Every structure is written in structure tokens, then in C-alpha cells.
Amino acid sequence: MEQDVNITIIDREGVSHSIEAPTDMAMNLMEVVRSYELAPEGTIGICGGMAMCASCQCYVLSDTALPEKQDDEEAMLSEAFFVKDNSRLGCQIQITPEMEGLKVQLAPAE
Ligand code: FES
């Protein structure tokens with residue numbers, strides 16, 4: 001479908017997955033990871049996408065322009081483990097056509 005964007009997600013085992021994510025279903029990156037079962041159930045999306053658990057943390061490896069972090073994402077990342085400069089919360093990243101070619105790596109489970 002032309003509404004899909006190609007995204008590469010490296011899972012916690014280091015395995016790279018090239019997947020297509022829909023831009024017209026109001027999905028966020030955490031939900032995409034879950035729908036493709038790239039992380040075991042119960043290890044990602046624990047707070048349901050409220051920016052309150054950091055289980056969806058990922059490292060952005062491509063130079064894809066993403067929306068700025070909001071305050072609640074900043075606050076959660078300031079308390080999370082394994083945070084790097086390129087850390088983002090997957091649940092706060094809505095999939096849009098601009099994300100074609102995005103490449104991320106899932107942060108380790110806490
Ligand atoms: S799912 Fe909990 S912070 Fe993203």
C-alpha cells in the first residue's frame with residue numbers, strides 16, 4: 001500500500017527486521033513493534049502508551065526528522081535506564097509518511 005512506510009527495527013536480540021508500517025491507522029512505533037511481535041508480550045508497551053514506563057524506549061539510528069519530544073517523554077527518559085542521546089519513547093512517535101526509511105533499535109528491557 002502506498003500509505004505504508006518502510007521502517008527497520010532491530011530487536012533486543014540484535015536481529016534486524018524490515019517492516020512496513022501504515023501511516024493511516026494512527027499507530028505509534030510501540031504499537032508497530034507489538035503488532036509485528038518484535039518484543040515478547042509484556043516487555044513493551046506496559047503503560048499502554050502513556051509515556052510512563054519507558055518499556056518502549058528505542059534508539060533512533062537514522063537521521064529521520066522526528067517530532068520534538070514533549071515534556072512527558074523528556075521526563076520519563078530522564079528517569080529511565082540505558083538512555084542515550086538518541087533515545088525516544090516509541091509510544092510517543094506517531095507513524096507518518098515522513099518516517100519512510102526510519103531505523104531504530106529497541107533499548108534493552110529494564
Ligand atoms: S509504552 Fe510506556 S512509555 Fe511508551
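Each ligand, and each atom within it, is numbered from 1 in the order the structure gives. Since the model is a prediction, treat every value here as computed from it, not as a measurement.
Around atom 2 (Fe) of ligand 1, the protein atoms of type N, O or S that sit closer than 2.8 Å are C47 SG, C53 SG.
Side-chain contact of E100 with N6: a donor-acceptor pair under 3.5 Å is present, judged by distance alone.
The residue from V15, L61, L38 that alone fulfils the side chain to side chain contact (heavy atoms under 4.5 Å, CB included) condition with I10 is L61.
In this structure the side chain of T23 reaches within 4.5 angstrom of the side chain of I95, judged on heavy atoms.
Minimum heavy-atom separation, S55 to R12: O-NH2, 3.0 Å.
More than 12 heavy atoms of other shown residues, nucleotides or ligands fall within 6.0 angstrom of atom NZ in K69. Around CD of Q70, the count of heavy atoms belonging to other residues, nucleotides or ligands within 6.0 Å does not exceed 12.
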